[in-house]
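Values below: all heavy atoms of this structure, side chains included; hydrogens, waters and symmetry mates excluded. Residue numbers start from 1 in every chain, and the chains themselves are labelled A, B, ... in the order their sequence lines are given, proteins ahead of strands.
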Amino acid sequence: MMKTMSISVLGIIVGVVLVAILPPFLDGIARKVKARIQYRVGPPILQTYYDLQKLFGLPSLRPTENKWFRVAPYLALASAFSAAFLLPYGKWVPVKFSGDIVVFFYVLAMVSVAIIIGAFSTQNAHSNIGGHREMMMVLSVEPILGVALGIFAFKAGTLSLSAIPLKVPASFSTVLAYLLLIYAAYAESGFVPFDIAEAETEIAGGVLVEYSGRLLGVLEYAILAKRLVLLWLLSTFLTIPILRGIALTGVVGGIVVLAVQLILVLVAYPLIAALEATNARYRIDQAVALNTRIFLLSLVVLAVAAVGW
Amino acid sequence: MEDVKISYTESLISWKRPDLRVGVPVTVKYPLVPTEKPPEYRGKPHIDPNVCIGCGACVRACPADALTAEWDLENGLKSIVSNPARCIRCGRCEEACPTGAMKLTLEFELATPNKEDLVEVVEHHLTKCKKCGDYTEFTERQVEKAFQILPKEIVDANALGEKMQLCRECRMEESVKILAAQGRIIGDPLLLPPQHAKGGEK
Amino acid sequence: MVTKECLAEFEDKFKGEIREKKFLTPTQILYLVDKKDLPDMAYYLQYHPEFDESYYVMGIGSDERQLAGKFAYAPVINMLDGSGKRENFYVILKARLDKDNPEFPSVAQKLPAALWAEREVRDLLGFKPLDHPDLRRLITPEDWPEGVYPLRKDHAYNASPAGELQDGYKKAPEDTSTVPIGPYHMALDEPAHFRLFVKGEEIVDVDYRGFYSHRGIEKIGEGRLTYNQIFYIAERICGICGFQHSSAYAMAVENIAGVEIPARAQYIRTILLEIERIHSHLLWAGVACHLVGFDTGFMYAWRIREEPVMWLAERLTGNRKTYGMNIVGGVRRDFLDYRKTEILDKMKQLKKDVEKLYNIAVSSDILIKRAKDVGVLPYKVAKDYGVVGPTARASGRNIDVRRDHKVFAYKDVDFDVPVYKDGDVLARLLVRLDEVLQSISIIEQAVDQMPEGDIFTPIGKLPPYQEALGYTEAHRGEVIHYVLTGTNNKVYRWKVRAPTYNNLAAVPEMLKGYRVADAPLIIASIDPCYACTERVQIVDVKTGKVKALNEAEFNDLSIKASEEL
Amino acid sequence: MVIYLLELSLSLFVLGAISGLVVEYKSVMRLSSTFATLASLALIALIVEAYGHLPIKGELLGTPIMIDGLSLVFLAIIGVVGLADAIYTFNYMDKYEKLGKAWVFALAYNAFLASMVLLVTTSHLVWFVFWWEIMTFSAFVLVIWEEKDSLWAGAQYYITMHLTSTLPLLLAMAIGYSVVGSFDGMGFADIAAHIGTLSPGLVKLLYASFLLAFMAKSGMVPLHFWIPSAYASAPSNISTLLSGVMEKMAVYGLVRATFDILKPTVAFGYLVAILGVVTLVVGTLYALKQTNAKRLLAYHSVGQMGYIWLGVAIGITFMKNPDPTLAFIGTLGLAAGLFHALNHALFKGSLFLSAGAVEYAAGTQDLNKVSGLYKIMPWTGVFALLASLGISGVPLFNGFVSKWMIYEAGYYSKNFWFVLGAILALLISAVTLASFIKFYNSAFGGEPNELTSKAKEVPGSMLIGQGILSILCLVIGVFPVVALAIVTLPVGKGVITAGVLGLSFNSIYFSPVLLAIVLGVLFIAFLLFLPARAKETAKPWDCGSTLFPEETYRLRASDYYRPYEKRIGAFYAFGDFFGDLGTEVINRTIAAYVWIGKYFVRTAEIPRVTVENVDDLRDGVTLHLDDALIMPIVRFVKVVGIISKTAVVLVLIVAVAVLAALIW
């Protein structure tokens, strides 16, 4: 019987380093790209680090005595990091279970759950509206993810995060499943036009409105880390099927794969930024309607996969 | 430094704004890169102390009370005080100034830790009354300017040369005397109430 | 003429109440009437079958006790014939109110457009509108004492008494939560407070409280400035439509003095007014984009607003915003010839840029989705509330003061007035974008046709106790100034009605039934200018309940805060 | 030894039941709940004792007893939930002191628990039906406890049960009798042995009658309409038992009947699966809309039963499949279903107890009216949150593990319909989360309002009751092996551990422990590394407005997720139609019952009393002191009268049906 659970120390180190360092940098790139699209010079690439450094240095104001308000940002951050540990870095996977893609999405959803609980602990309608919008986004994105997983289960015959990219065959429905996954990841990351839960100009920051100082910094970091984790998942799913041959061949192969993953993330982020810059924000009912429509379409894709294409 | 004099109108026509849209980003590192203003720009007002005669026309024109006149009749001083912090850059003072001393500059960066730094004060000596020795309400330069611009006939006809050297009271007395001599006022001129004993208008 | 016939009918109908009739200018008619039938008269005029676009413009309250021993309340109706066949005119219905008991039958019970005006005269002058449906405090702050009326002549312009804090807000309807927007909110550029009563995200009812930025401008204008100095404060009523205000004021005074300003001056005013309109509409388009999270549109709109438009204004007048160009009788500075080419160049450049903005804005699918069918203001409601400007034109109201009253040089140039029927935010967006292109064309025509000649007709002393209106079509709608001259070149009563004043009162109607997410966009869609609206009163924070820090204390605090870091 | 423990437990229940002889209300409640607690402890001891010696056969009071793996799972549910509930009841029932009639409660409460114990241990169909009826009836008595709205809800419940649960079971019994030919020989195994002799039509009828009976009891759509009102109007400790335990008896019955009496067939599996999926979707989506705490929980009971049925259905469909992979999937599904039954008992029990605590403290179940209870009742808040996260299926909580097993089984079945079921289950899991975000946050989030600021934390015994269940949610979530040891008994532990697909429970298919360690280490590391330097408390930011009504400055429970609900509005319209239809039918039936009942017993009245509150009822009728003592009994007798007459009708109907079946 094959061993299905493992812990890779190297994976943990690489994962921690990447998730700890990369998110603000990527955000810096995105800001720069957006600025260029908007005919501006934009802040320095490291600006997000400066921002976070400043936030970490500031005390936080407490709008409520409810402890969950203070605990939530840390829970969110820890969840984002935990999710990161389930992803492969090159050939190293920090923590591996065999049916873990469901776990991965659930752990990632815990970021949202923590944020929502924090947002609802305060007596503030702006923050509450943000919380319930975030929940509705989760509600409407989840079934799309579910269908994508269903297609993978059909096609790859596994739900292991690290095994799917190794086993997934190239077929019509898997391509569509990839598209669904990309869409779901994009929506779940809360990029424009899905930044509905924060919607600064509508509900003054929504879920973030009551947070300040270090707690805000932690929360922002959790959100950035979540984005990176989702992007890394996508990059893994794209990289490993292509580099299947060398992915498992020793250290060098692992490093090559890691490098390709990283490059893919670095390329994808500016693209996302461009997409963000050229879109307005959806209203929540529009976003829910869009997601529902895509879910219904995706059921057709599932049927296609079941037929065997 | 070479000081090439061109007329104001010429400068208006020849002035071209440095094109900021060469590179795509329009962001300018503003405080580090100075921004140029066109010659029309109405910036902070500045009083040329050499040309100002202290007449106070600008003070009367100023809708925002940025320009005030301060009187010190003890020491015979009249100051025109310009406080750009109150100024609304309407340019009325510039129009009202008879000598062109008041000019709006191109300067607009007025940030300062101390608002007092911005204040410009032009002090003028008041003329002394030839008769009683008190200070009159006219500055020396005002009188000088008046003689410059008034045609000689008018000065002579009204005996302004004499009158302008007197303070208001004495001038009044003189006038009363003349009028009395002409028989147009009946009674003792000295019983008339003194009009402006001391102090200027405020 | 037809106008005369219409008026004859009106005069006939209210024969018993009309005391006196006076033509202030050929198109401004003042009736001195009995207060008893004021509501009926206003109603008759606003819903006149032939002048179908007529609307209630404003209600002037004034303390004329020194003049006539009485207060006066004067609704103004803009008589507009939508078909354009008849000459349009303004009617002022002036009613004198008793000195000791200034009550009058409320016009607002029939015309919602008068709601605010009558709350205002109640707050500022202590009038008593009888049967007014909603007599809550509008202008004076919550801690202003009862019985102190700042616009009465016996109230010093700098007096600011303190009173008890009192709650004048609407009660939240059953089963709703309350969401505040403002005074400090990302979506508002100036302080205003909208209290949204929501079920979920759906807005059930709205309460509005504003007038946080009163500066007592009218009172200052009446108290201590001469008529020539008022320009500069009129220009500062608003940071955006300043020149509109100063032109409208100038027009009022010129009407009183009975002078026609030189044609060249009229053209110069027209060009500047249009530049101001372009700049305002671009600014608005940017803000609207920003509110729906479309920052690229925001940046683009503001960039072209900065480079050709504001830049042009700076070259033409010496300043980006407060032009300082007007004077009674004309303008202060001439356009030199070189500027002609400059303007045309810039307009060409602008046209290209604006078309690109059009493409960016309209091609953003989500932006359109967000704006479509949101904040609908039907034609009827728009008319009832006397809504003006693009807000009205987006609701199908074919009104534009420039065209209807032949202001300045507009009578000599060709332009279209865009009108849309939908009444939603998208229609307001399209009206504004269309108007930008119209403005460019107006400027080009005006530059071409500009005659030579003087720019200024001197005016001597103003005749005392004469009154007149002045008006322009600002970017947000009709700006209207009423001036009653006093002695010594001063103004006895100066009343300003900014367009937002009429439009804002209709905003709660637009918000109901939409979502919290739409609220900022709907509020912004009328291009609200709180500073314009809130010019009247005087608030001295230091005497209020809130303790204002003095400068030294503030500095100390700042230093302490930075040390903590 | 095991039988001895069973006897001990039952005699403790009997003691509890007769403790009503003590007159004073509070003492009765204390005594009876103490005995129930001890009895539950004895049950737990029984489980420990019986584990490893299965199956155990014996006899109790002349009835055949058999305890096998399946019984043990449900005994565990009864034991644990019964224990927590009995402890909770110790103080909780003080709330109803005004109502008096403590002896009725003691009797019904203990009888209810005892009947369920006997239900899962008997191996005889007749006794099964007998205990089933005792359970149904005692539950009815408990549901109508408050006598206000609950009378109607109770009648609805009881008559629905008669028509759709008792009747089919009697029918099944009759068919069994027709096979075996004697009442004594109607053990499950005997019937199973003779089933081959039945005509196919009667086998189908047997399937149908069992299915209908268990559907009605577990509230499967479209027979779920009685659940919300019954659960909401019963006292919370009773709702806990109804939802946490009684519903599970239907699952027990389904599994027992399908595997031990009948044969699991694919078609039947599909039918159960469809019912399960429809129920989980309908129940949970309706739960999303609710703003009454207990109605919300009741609808979730419906939804979660759907999960359980889906799991069981996968078992029924695939377990006998010749393909070893699919057979394993079937085993996994059945284990998941049973596991979810246990988990549901834990978290839903805890949630009903929390809802009861909220009602106890704030006096209302309306989530729109309560606010900020976390500040006042922190312990209840923490327990409610743990249970909420459990039911929402957040990792590290028990609900996640069992739901995740259901997803895996569904996905790996590679059968379009089951994959679709798993997808819907995944979606509904998010809906559940959304719903509990609302439940938890509208009650415990924000600041206390006028109503809740007067509330106090509930007494310790109630907290212990909630705590036991909530902490078990977390414990099982992190160490699922503990519970899996029990729930895999019926399917054979070895089958799963030697699973195909390289999956197993022991070598950690998914390791919550590992995840817990990772998450915990990270969490603590962040907390230590970046401690929140909290400054003084400030008012929530209200845009700087003056005189702002802070109390309305939050979303109310009815405000949540409106856009989403609007989007699926068509679904609700559809569901409402069927819900109304079911309710209408049952109301008509009740009216018919009453009409017939009147004919038989002229003195009886319909228990639908149109009075505003209990006091009205009392004041109207009670004129003398002795009346006050007697009235509860009179009313009780009246109720019994109605039931007895319904029983007469029922027997008539059954007789006709049996006759028909025999002739056919």
Original post:
Relative to chain D, which segment of Val71(A) carries a heavy atom at a distance below 4.5 Å: side chain, backbone, both, or neither?
Top reply: both
**OP:** For residues 284-299 of chain A, pull every pair meeting salt bridge (Lys or Arg N to Asp or Glu O under 4.0 Å), keeping only residues two or more places apart or in separate chains.
**Re:** Arg283(A)-Asp285(A), Asp285(A)-Arg515(C)
Subject >> chain D contacts, top residue of Ala305(A), Ser127(A), Ala289(A) (heavy-atom pairs, under 4.5 Å) >> reply: Ala289(A)
Original post:
Which region of Val218(A), side chain (C-beta onward) or backbone (N, CA, C, O), has a non-hydrogen atom less than 4.5 Å from a non-hydrogen atom of chain D, or is it both or neither?
Top reply: side chain
Subject >> Taking every non-hydrogen atom, the tightest pair across Phe444(D) and Asn66(A) >> reply: O-ND2, 3.9 Å
Original post:
In terms of heavy-atom pairs under 4.5 Å with chain D, which of Leu302(A), Thr292(A), Val288(A) leads?
Top reply: Leu302(A)
Original post:
Is there a donor-acceptor pair under 3.5 Å between the side chain of Gln123(A) and the backbone N or O of Glu550(D)?
Top reply: yes
Could you list the donor-acceptor pairs under 3.5 angstrom formed between side-chain atoms of residues 108-116 of chain A and any protein atom two or more places apart in sequence or on another chain?
from	atom 1	to	atom 2	distance (Å)
Ser112(A)	OG	Glu134(A)	OE2	3.1
Ser112(A)	OG	Lys226(A)	NZ	3.1

Subject >> Lys289(D) atom NZ, neighbour heavy-atom count above 12 within 6.0 Å >> reply: yes
Original post:
What option among Ser140(A), Ala119(A), Gly150(A) has the most heavy-atom pairs under 4.5 Å with chain D?
Top reply: Gly150(A)
**OP:** Would you give the length of the straight line joining atom OH of Tyr440(D) to atom CH2 of Trp68(A), rounded to the nearest 0.5 angstrom?
**Re:** 6.0 Å
Original post:
Is chain D contacted by the side chain of Leu139(A), its backbone, both, or neither, given a heavy-atom distance below 4.5 Å?
Top reply: both
Original post:
Under 3.5 Å, is there a donor-acceptor pair between the side chain of Tyr411(D) and the main chain of Gly146(A)?
Top reply: yes
**OP:** Tell me, out of Ile428(D), Leu427(D), Leu420(D), who's got the most heavy-atom pairs with chain A below 4.5 Å.
**Re:** Leu427(D)
Subject >> Among the listed options Leu299(A), Val147(A), Leu215(A), the residue most often paired with chain D at heavy-atom distances under 4.5 Å >> reply: Val147(A)
Original post:
What residue in Ala204(A), Ala303(A), Gly217(A) has the most heavy-atom pairs under 4.5 Å with chain D?
Top reply: Ala303(A)
**OP:** Tell me, for Thr64(A) versus chain D, whether the close heavy atoms (under 4.5 Å) come from the side chain, the backbone, both or neither.
**Re:** both
Subject >> For chain D, the option from Arg133(A), His126(A), Glu142(A) that forms the most heavy-atom pairs under 4.5 Å >> reply: His126(A)
Original post:
chain D heavy atoms under 4.5 Å from Leu149(A): which part of the residue, side chain, backbone, both or neither?
Top reply: both
Original post:
So which heavy atom on Trp541(D) is nearest to which on Asn124(A), and how close?
Top reply: O-ND2, 3.3 Å
Subject >> Part of Tyr374(D) lying under 4.5 Å from any heavy atom of chain A >> reply: side chain
Subject >> Between Val431(D), Leu433(D), Asp542(D), the one whose heavy-atom pairs under 4.5 Å with chain A are most numerous >> reply: Leu433(D)
Subject >> Where Ala430(D) and Met135(A) come nearest, the two heavy atoms and their spacing >> reply: O-CE, 3.6 Å
Original post:
Is it the backbone or the side chain of Ser371(D) that comes under 4.5 Å from a heavy atom of chain A, or both, or neither?
Top reply: side chain
Original post:
Given side chains that start at C-beta, do those of Ile129(A) and Asp559(D) come closer than 4.5 Å, heavy atoms only?
Top reply: no
**OP:** Pick one of side chain, backbone, both or neither for Ala434(D), based on which atoms fall under 4.5 Å of a heavy atom in chain A.
**Re:** both
Original post:
Considering only heavy atoms, which portion of Phe295(A) lies under 4.5 Å from any heavy atom of chain D: side chain, backbone, both, or neither?
Top reply: side chain
Original post:
Which of parallel (below 30°), tilted (30 to 60°) and perpendicular (above 60°) describes Tyr560(D) and His132(A)?
Top reply: perpendicular
Original post:
Considering only heavy atoms from C-beta outward, does the side chain of Tyr553(D) approach that of Thr122(A) to under 4.5 Å?
Top reply: no
